[in-house]
Amino acid sequence: METDLRLESSLWIGNKRYRAVLTGWHLKWTEADKKNGDKKTVSVPVAEVVGVENGRVEILPQKSVEDTDKDFTVFYIKRSRSRSTYGLLWSLGRTQFSCPSRVLRDQWTNHLRTALKTHSPLRPHRLLVFINPFGGKKKGREIYHSLVAPLFELAGISSHVIVTERANQARDHLLKKDLTGFDGVVCVGGDGMFSEVLHGLIGRTQQEAGLCETDPAVTLQPCPLHIGIIPAGSTDCVCYATVGVIDPVSSALHIIIGDSQPLDVCSVHHASTLVRYSVSLVGYGFYGDVLAESEKHRWMGPLRYDYSGTVVYLSNRSYAGIVQYLPADPLLSSPKDKTRCLSGCNVCSRSTERLFPHTSDSGSLYSSHFSQYSNDSEGEWVSVEGRFRCVSITCMSSSCARSPLGLSPSAHLADGTGDLILVWDTHPLSFLKFLYRHTSTQDQFDLPFVEVHRVKAVRFSLPDGREEEVHEGIGELNRAIEEREYVDTVSRNGSQQQLAQSVVERETMNEHKTVASILCGLCCKKTPAVSVWNCDGEILPFTEIFCRIHGQLVRLYARGIEDGAAMQNCSQESDKNKSRCITYK
Ligand SMILES: CCCCCCCCCCCCC/C=C/[C@@H](O)[C@H](COP(=O)(O)O)NC(=O)CCCCC
Ligand SMILES: Nc1ncnc2c1ncn2[C@@H]1O[C@H](COP(=O)(O)OP(=O)(O)O)[C@@H](O)[C@H]1O
Ligand SMILES: [Ca+2]
């Protein structure tokens, strides 16, 4: 294969002559008329070539084409360090080559296009795109049409675009409509929009596999379609934690080259029903209260969280609860080991082998037989009871602009575990110290009132008699139901869901009283006895929940965070570190 695709010739860039070589895996060009010591080689992995066009072509900010006979333009990925985050920004590099003849030009473009097809099997051809026009700063449409669509067009990707007109439209579409021919689904928006796509795809996959989502013991079927995220929301935590930067162009380029990052998903259950799925935060206490408060201030956009965070911090609350957890194998990793899950993470790779032992490559992953928990002995549950400032479960680091290393900096994207963070009741200034450490590199777990455990499952319940203390605000309850469509949240489509529906509706009404109590507490300043759960930005209608982590249930068009420090010498200007660049994935 290597020899079939090999092409070597002299080419010109501007008025300089280069020796250009295409091997199976790389396109390289070296200045020809320089002494050996001064020669620079640019090496672009074929997997990172975005597109090849005849003529002299420009794409961004505006498309322009000079259709000449002997020229061709190669577009590829260029990396730069981001000033504000740990990840690397990707942008579109472009080099215009001139050939001595049209025949040679056609040979180059044909060889490059064949190499792309051969070496990038996961590149999408057709995508279903959902744009939330109201997410974040309401720029979703503009971001997609000005920055993303031209790149998709260059890469030959056809997309079917739906601008949503209501909440849950994307989820419902994925649950019910024909998805034949699509390689992936892209959401333009924030974590809430991602969550819709997540629910739609997981639900659809289980329906088609005839699996019961409501039963936490069932091994769910991983989704066959990849998910791409173009960040245009408020927190954009899933994008930040899987790409390392909040940048629509970087994300679009990860989609185009067909990057593939598996992701753990937490299913949240109440009684005998599935409530929701989460990938970033299932949080009770502080994070639940912040979300409940922020819902009243949506008009503030992303700033609503900063405002609500301050209000909730000043209200100085803690809540009683019983937390039971099933620890993960401590020999595999620890949330306090000070490592970070980066692109090519060994812990996650070993988990892939453990979770899917019969598959040798990711391409055949979805057609194999799944038995991810068959070798897992359950282990011993641990139980703790007391008053907590917050209880958080996260399947990933949950890094975001507010917290560049995240809620749990050493958590892994795809190791089949979550991190449980228990913050016991403490002095307000100590709690502030805990919160503040999220914004720096100081260890937020190195505090006497904080515990962190790597877990496979968690159960949360209220101490006996606690429910009776709940302050019932019926007016607030009705408002809450209208605002957040709780019933809609739990009455998801699918036959298994319908079976559990009657139970859900009865229990939902009871649990709404709990939700109302926190909303009411926030407005009338009475201290409520219970908080609410924040599940990736949605308030859950239940307090007592059971969570289970499903290893690598979905795949994103991403590759995890590239280590900026390790990659800085790995520029395409030099051949020196290229093996590191290539093997990094
Ligand atoms: C003194 C400084 C205090 C700073 C505290 C920083 C802690 C930040 C941790 C943030 C974790 C975020 C986990 C992600 C949650 C999102 O799913 C959710 C919805 O996002 P979106 O759909 O984009 O609106 N966002 C939140 O719940 C916001 C939490 C903000 C807490 C301050
Ligand atoms: N057209 C729409 N109108 C109203 N709500 C929508 C629409 N499309 C999506 N949503 C909902 O908006 C919520 C927030 O969206 P998201 O894109 O995450 O923005 P943000 O990050 O600002 O919260 C999501 O829960 C999603 O279900
Ligand atoms: Ca994990």
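Indexing begins at 1, ligand by ligand and atom by atom, following the structure's order. Computed over heavy atoms, backbone and side chain alike; hydrogens, waters and symmetry mates excluded. Starting from 1, each residue takes its place in the sequence as its number.
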Do any nitrogen or oxygen atoms of M193 come within less than 3.5 Å of a nitrogen or oxygen of ligand 2? yes
Would you say ligand 2 has an N or O under 3.5 Å from any N or O of Y305?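 No; the residue has no nitrogen or oxygen that sits under 3.5 Å from a nitrogen or oxygen of the ligand.
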Closest to atom 14 (C) of ligand 2 among R298, K137, H199, E196 (heavy-atom distance): R298
Could you name the option among G136, G190, A167, C237 that has the heavy atom nearest to atom 16 (P) of ligand 2?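 It is G190 whose heavy atom sits nearest to atom 16 (P) of ligand 2.
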Under a 4.0 angstrom heavy-atom cut-off, which atoms of ligand 2 come close to [X]?
| X | result |
| --- | --- |
| G192 | 18 (O), 24 (C), 25 (O) |
| G233 | 21 (O) |
| G135 | 17 (O), 19 (O), 22 (O) |
| G189 | 17 (O) |

Looking at E562, is its backbone amide N or carbonyl O close enough to the side chain of S343 to form a donor-acceptor pair, meaning the two atoms are under 3.5 Å apart?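 No: the side chain of S343 does not pair with the backbone of E562.
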Check whether S410 reaches the backbone of T339 with its side chain - one donor and one acceptor, N or O, closer than 3.5 Å. yes
Report yes or no: does a heavy atom of G309 sit under 4.0 Å from some atom of ligand 1?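 In this structure, G309 fails to qualify as a contact of ligand 1 - no heavy atom is under 4.0 Å.
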So does [X] have any N/O/S atom less than 3.0 Å away from the Ca ion (ligand 3)?
| X | answer |
| --- | --- |
| T417 | yes |
| H412 | yes |
| D419 | no |

Report the part of E165 (side chain from C-beta onward, or backbone N, CA, C, O) that has a heavy atom under 4.0 Å from ligand 2; answer both or neither where that applies. backbone
For ligand 2, the portion of D191 having any non-hydrogen atom under 4.0 Å away: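 The backbone, only.
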In terms of heavy-atom contacts, D536 and S278 come closest through OD1-OG, 3.0 Å
Can you see which heavy atom on S251 is nearest to which on I229, and at what distance?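 Scanning both residues completely, I find the closest heavy atoms to be CB-O, 3.2 Å.
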Would you call the rings of H297 and Y307 parallel, tilted or perpendicular if under 30° counts as parallel and over 60° as perpendicular? perpendicular
Take the angle between the ring planes of F434 and H438 and call it parallel below 30°, perpendicular above 60°, tilted in between. perpendicular
Can you list the atoms of ligand 1 that are under 4.0 Å from a heavy atom of [X]?
| X | answer |
| --- | --- |
| G192 | 22 (O) |
| S234 | 23 (O), 24 (O) |
| G537 | 17 (O), 18 (C), 19 (C) |
| Y305 | 19 (C), 20 (O), 21 (P), 24 (O), 25 (N), 26 (C), 28 (C) |
| S280 | 14 (C), 17 (O) |

State whether the shortest distance between N or O atoms of T235 and N or O atoms of ligand 1 falls below 3.5 angstrom.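 Yes; the residue has a nitrogen or oxygen that sits under 3.5 Å from a nitrogen or oxygen of the ligand.
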Does any N or O of ligand 1 fall below 3.5 Å from an N or O anywhere on Y436, backbone included?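 No, there is no polar N/O contact under 3.5 Å.
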Output field: ring centroids W424/F388 closer than 6.0 Å: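 Centroid separation for W424 and F388: below 6.0 Å.
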Measure [X] to ligand 1 on non-hydrogen atoms and call it side chain, backbone, both or neither using the 4.0 Å cut-off.
| X | value |
| --- | --- |
| D306 | neither |
| D236 | backbone |
| R304 | side chain |

For atom 16 (C) of ligand 1, what is the nearest protein heavy atom, given as residue, atom name and distance?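 The closest heavy atom on the protein side is D191 OD2, 3.3 Å.
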For D264, what is the atom name of its N, O or S atom nearest to the Ca ion (ligand 3)?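 The atom in question is OD2.
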Return the name of the atom in D415, of element N, O or S, nearest to the Ca ion (ligand 3). OD1
At a 4.0 Å cut-off, with the gap strictly under it, does some heavy atom of R171 reach an atom of ligand 2?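 Heavy atoms of R171 never come under 4.0 Å of ligand 2.
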Can you tell me if E538 contacts ligand 2 (heavy atom of the residue under 4.0 Å from the ligand)? yes
Using only heavy-atom distances, determine whether the side chains of S267 and E213 contain a donor-acceptor pair under 3.5 Å. no
Pairing donors with acceptors under 3.5 angstrom, does anything connect the side chains of R555 and S260?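 Per modelled atom types, R555 and S260 side chains form a pair under 3.5 Å.
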Before accepting this row, confirm whether a basic side-chain N of the pair D563/R340 lies closer than 4.0 Å to the acidic partner's carboxylate O.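 Salt bridge absent between D563 and R340.
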Do R354 and D329 sit within salt-bridge range, that is, some charged N less than 4.0 Å from a carboxylate O?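 Here R354 does not pair with D329 in a salt bridge, since their nearest N and O are not under 4.0 Å apart.
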In Å and rounded to the nearest 0.5 Å, what is the [atom1] to [atom2] distance from [X] to [Y]?
| X | Y | atom1 | atom2 | value |
| --- | --- | --- | --- | --- |
| R437 | D443 | CZ | CG | 7.0 Å |
| R141 | N132 | CZ | CG | 10.0 Å |
| S334 | H453 | OG | NE2 | 10.5 Å |

Using the rule ring pair (Phe, Tyr, Trp, His ring centres under 6.0 Å), only one of Y313, F431, W533 pairs with F286; which is it?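 Of Y313, F431, W533, ring pair (Phe, Tyr, Trp, His ring centres under 6.0 Å) with F286 is met by F431 alone.
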Quick check on side-chain contact (heavy atoms from CB on, under 4.5 Å): which of P231, S398, S397, S399 does Y240 satisfy it with? S399
Chi angles and distances behind the side-chain contact (heavy atoms from CB on, under 4.5 Å) call for S408, I421: CA-CA 8 Å; S408 190; I421 303 152; 4.2 Å; yes
